[in-house]
Amino acid sequence: MNVADSMRVASSLEKLGYHNTDKPVDADVIILNTCVVRQSAEDKAVGRLSSLKPLKMKNPDLVINLMGCLVGVKDNPKLKKRFPFVDVFSPPSDPAPLIKHLLEKEGKSHELDETLARFAYMDGDLVIPDTEQGNLVSSFVPVVLGCSHACTYCIIPYRRGIEKSRDPQEILSDANALVAQGVKEITLLGQIVDRYGLDQTDYPTLAGMLRRLHTIDGLERIRFLTSHPNYMTDELLDVVAEYPKVMPHIEVPIQAGNDQVLENMHRGYTNQQYRELVARIRDRIPGVSIATDIIVGFPGETEEQFQDTYDLLADLKLDVAHLARYSPRTGTVSARRMEDDVPDEEKWRRFRLLEDLQESIVAAIHANYQKQTVPVLFEEKSKKGRWRGRTETNKLVFVESQDELRGKLLPVQIDWTGPWSMLGHLVS
Ligand code: SAH
């Protein structure tokens, strides 16, 4: 979501006449877009921000813009006091405060309304920034902003505000604009993407939106993330199965395998229901790959409760598990009402147990790709000079080739597989 937000800000600035520079010392404007989903992300953001202070001291004309979840949607006087060298504070997904500041600085305040009308997040006039023009094969289109679910551990609803589906026309015009500029693959984004449209009375569902996007000429692949188990309708799964451009890859977090922990997390489903969902997804979408997210060491999680998560992963053999150690976030229900009582070493131990388990599962899944020929969409050349691309199931594939493969969708025979990637060669 932050990558998508950053691209939109960069796009807005270019429309104002600014250009990208690689060196912070050369910049007139520096935007730091931030994530605070875990303490480690927040620490990183604060570290980077603090490192910008000397630049501002040397060059008082420099405009520093702090953006994203460190700022949040509510006015935050404490943050302003803590970082007095920051000129502009912007909520997630909103370039307006920066645009306003820059126009005022140039004495062009009178142009504000007109400029903002052109630069609003949903202007339907998305321009890929210069630095990525012609290079961007895969891009993101947010379809649901904010979140209203309130998982007890999660800070995102507090920082990104309540759930709001974007207008279908704006989504289509974003997608059309990206494809017209060379993009081949679009990933629709939402904190709970399968809730798309449900907060409005007359919007299509996510399935309906996928059908509409499917008609765009030149668009080769469509993905969406992240889904919540309770909103994965058969209609959605059938669109994935039946529409060739919609990729057979589902990101649907379980977070924990124990029913009590799931209830404490306020997730709204049980271990058994998740197992049935996975069976239903696999039944309706042949060859599907499934990714999940898991938090270990949630407050009160016992060894036996953790074992339920371990057993679930061992049984289901999913393609990807994004693992996290629980990190209390100030203001969330779990931070206010539950003690962070699983020691750090224990969180690490559980994390590594799942990591090892998942590595062996994925190695076995990938081994099945040996000698198979699969379509790969190539994105870019890696530092080692190999072309990097993805299978329909979102597996990373590297191919040695002197040809220009960027943006090409080509059949590749897989020669070698490991838990994190595969190697293959082009077949003519
Ligand atoms: N709505 C998105 C959330 C994105 S955050 C989704 O459902 O995927 C990505 C992942 O970060 C979450 O799925 C969760 O596993 C993890 N996460 C969120 N809050 C956390 C916290 N307080 N501590 C540790 N991990 C957390």
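Note that ligands are numbered from 1 as they come in the structure, with each ligand's atoms numbered from 1 the same way. No hydrogens, no waters, no symmetry mates; every other heavy atom, side chains included, goes into these values.
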> Can you label the angle between the His266 ring and the His149 ring as parallel, tilted or perpendicular, going by 30° and 60°?
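Ring orientation, 0 to 90° scale: tilted.
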> Does a donor on one side chain sit under 3.5 Å from an acceptor on the other, for Tyr274 and Thr292?
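Thr292 and Tyr274 do have a side-chain donor-acceptor pair below 3.5 Å.
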> Does ligand 1 have an atom under 4.0 Å from some heavy atom of Ile295?
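In this structure, Ile295 qualifies as a contact of ligand 1 - some heavy atom is under 4.0 Å.
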> Just heavy atoms, cut-off under 4.0 Å: does Gln191 contact ligand 1 by side chain, backbone, both, or neither?
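Both backbone and side chain.
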> Please work out whether any backbone atom (N, CA, C, O) or any side-chain heavy atom from C-beta onward of Arg325 is under 4.0 Å from ligand 1, and answer side chain, backbone, both or neither.
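Within the 4.0 Å criterion, Arg325 contacts ligand 1 through backbone atoms alone.
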> Identify the closest protein heavy atom to atom 25 (N) of ligand 1: which residue and atom is it, and at what distance?
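For atom 25 (N) of ligand 1, the nearest protein heavy atom comes out as Arg38 NH1, 3.2 Å.
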> Just to be sure I read this right, does ligand 1 sit under 4.0 Å from the backbone of Ser327, its side chain, both, or neither, counting only heavy atoms?
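The answer is both, backbone and side chain.
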> Does a donor on one side chain sit under 3.5 Å from an acceptor on the other, for Asn33 and Ser6?
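Per modelled atom types, Asn33 and Ser6 side chains form a pair under 3.5 Å.
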> Looking at ligand 1, does any of its N/O atoms fall within less than 3.5 Å of an N/O of Arg329?
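It does not: no N or O of Arg329 is found under 3.5 Å from an N or O of ligand 1.
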> Where's the contact between Ile156 and ligand 1, heavy-atom distance under 4.0 Å: side chain, backbone, both or neither?
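For Ile156, only side-chain atoms sit under 4.0 Å from ligand 1.
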> Would you tell me whether Tyr153 and Ser327 have side-chain atoms, one donor and one acceptor, within less than 3.5 Å of each other?
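Side-chain D/A pair, Tyr153 to Ser327: absent.
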> Side chains of Ser93 and Arg160 only: does a donor on one sit below 3.5 Å from an acceptor on the other?
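Yes - a donor-acceptor pair under 3.5 Å links their side chains.
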> Just need the protein heavy atom nearest to atom 19 (N) of ligand 1, so name the residue and atom and give the distance.
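Residue, atom and distance for the closest contact: Tyr153 CD1, 3.3 Å.
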